[in-house]
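Keep in mind it's a predicted model, so treat the numbers as computed, not measured.
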Amino acid sequence: MSIFKGAGVALITPFNDDLTVDYDGLRRLTEFHIEKGTDAIVVCGTTGESSTLSEAEHSEAIRVVAEQAAGRIPVIAGTGSNDTQTAIMLSQAAEKDGVDGLLIVTPYYNKATQNGLYKHYSAIAEAVNIPIILYNVPSRTGCNILPETAVRLAKDNKNIVAIKEACGNISQVATLAALADGCIDIYSGNDDQILPLLSLGGIGVISVTSNIIPEDTHNLVHKFLEGDVEEARRLQLKVMPLCKELFSEVNPIPVKKACELLGMCNGKVRMPLTEMEPQNAEKLAKAMKDYGISF
């Protein structure tokens with residue numbers, strides 16, 4: 001059974017002015033997404049700045065969101081690492097905190113061979129009992145899960161159930177869908193490619209744009225799944241200019257600025273990320289207003 005169908009939000013991690021984690025803010029954001037009909041919350045992923053959270057902060061953020069959600073919405077914890085043992089430790093801690101699934105990015109910097117990826121993910125899968133979503137984002141990690149490897153992992157590990165595909169290569173995703181023949185759920189990892197991946201058999205998206213337009217992102221997926229392809233197409237094309245500005249600088253700098261403009265957080269990011277360049281922030285604000293977002 002799928003962890004979720006629809007639009008899961010790749011949740012930002014709000015910070016206080018002193019750059020400590022704003023756990024009360026995380027609770028408020030969790031309630032916001034439940035109210036707006038978001039289909040799942042992914043906490044401590046790339047958009048959640050997991051790479052600059054301490055292990056203690058990482059685990060506490062996951063615990064807080066799971067506690068606040070209280071079973072009302074699936075919570076998926078980002079627990080990937082470039083060290084297999086660290087990924088296992090984070091995954092086991094998240095499982096104890098009651099999350100519904102794990103999102104595990106490929107090892108970054110040291111990378112891995114395809115056999116190394118197979119062993120890495122298999123070791124994590126053996127260490128936990130909850131569903132795992134593979135996360136393939138070569139532009140950030142320098143490491144690509146090939147379709148054959150993803151299918152092998154899903155067939156050999158009963159709790160590896162899905163993949164977040166952010167490779168950007170539609171042909172690779174099509175190959176994956178053909179080889180998988182339904183053995184692994186596919187989620188889009190790119191907001192500008194939601195509809196193309198759905199057309200190849202995908203069942204949803206793990207979305208940055210859902211932070212600011214949760215209802216439209218939810219509707220884009222569900223309209224397609226319900227057979228209203230024309231409305232899904234309209235929503236996909238409508239969001240394209242906004243997507244451009246939300247990724248004009250490295251994620252999550254722009255989406256945090258967007259959330260700041262909406263009064264959802266102070267927009268602060270931790271170094272080495274820095275505040276959005278003024279000229280890009282102006283373009284983002286214009287794109288939001290052109291989309292119809294009021295602030």
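- Among pairs with a residue in residues 65-76, those fulfilling side chain to side chain donor-acceptor pair (under 3.5 Å) read Arg27-Glu67, Arg27-Gln68, Glu31-Gln68, Glu31-Arg72, Arg63-Glu67, at least two apart in sequence or across chains.
- Counting only residues at least two apart or in different chains, salt bridge (Lys or Arg N to Asp or Glu O under 4.0 Å) contacts with residues 215-226 comprise Asp216-Lys238.
- Sorted by first and then second residue, the ring-ring contact (aromatic ring centres under 6.0 Å, His included) pairs with a member in residues 5-50 form an empty list; sequence neighbours excluded.
- The hydrophobic cluster around Leu220 extends to Ile194, Leu195, Leu198, Val205, Val221, Phe224, Leu225, Val229, Leu235, counting ILVMFWY residues whose side-chain heavy atoms fall within less than 4.5 Å of a member.
- Sequence neighbours left out, not one pair with a member in residues 95-104 passes side chain to side chain donor-acceptor pair (under 3.5 Å).
- A search for side chain to side chain contact (heavy atoms under 4.5 Å, CB included) contacts involving Ser51 returns nothing, not counting sequence neighbours.
- The salt bridge (Lys or Arg N to Asp or Glu O under 4.0 Å) check on Lys5 picks up nothing, with sequence neighbours excluded.
- Between the side chains of Thr141 and Thr106, a donor-acceptor pair is found at a separation under 3.5 Å.
- One finds a salt bridge joining Glu49 and Lys256 here, because a Lys/Arg side-chain nitrogen approaches an Asp/Glu carboxylate oxygen to under 4.0 Å.
- Contacts of Asp22 classified as salt bridge (Lys or Arg N to Asp or Glu O under 4.0 Å), with partners at least two apart in sequence or in another chain: Arg28.
- No side-chain heavy atom of Asn280 sits less than 4.5 Å from a side-chain heavy atom of Pro278.
- Under the side-chain hydrogen bond (donor to acceptor under 3.5 Å, both in side chains) criterion, Asp181 pairs with no residue at all, not counting sequence neighbours.
- Take Ala177 and apply the side chain to side chain contact (heavy atoms under 4.5 Å, CB included) test, not counting sequence neighbours, and it matches Ile186.
- Take Glu230 and apply the salt bridge (Lys or Arg N to Asp or Glu O under 4.0 Å) test, not counting sequence neighbours, and it matches Arg233.
- Once rounded to the nearest 0.5 Å, the distance linking OG1 of Thr113 with CG of Leu117 reads 6.5 Å.
- Between the side chain of Asp18 and the backbone N or O of Thr20, at least one donor-acceptor pair lies under 3.5 Å.
- Annotation: salt bridge (Lys or Arg N to Asp or Glu O under 4.0 Å) contacts of Glu275 (sequence neighbours excluded): Lys257.
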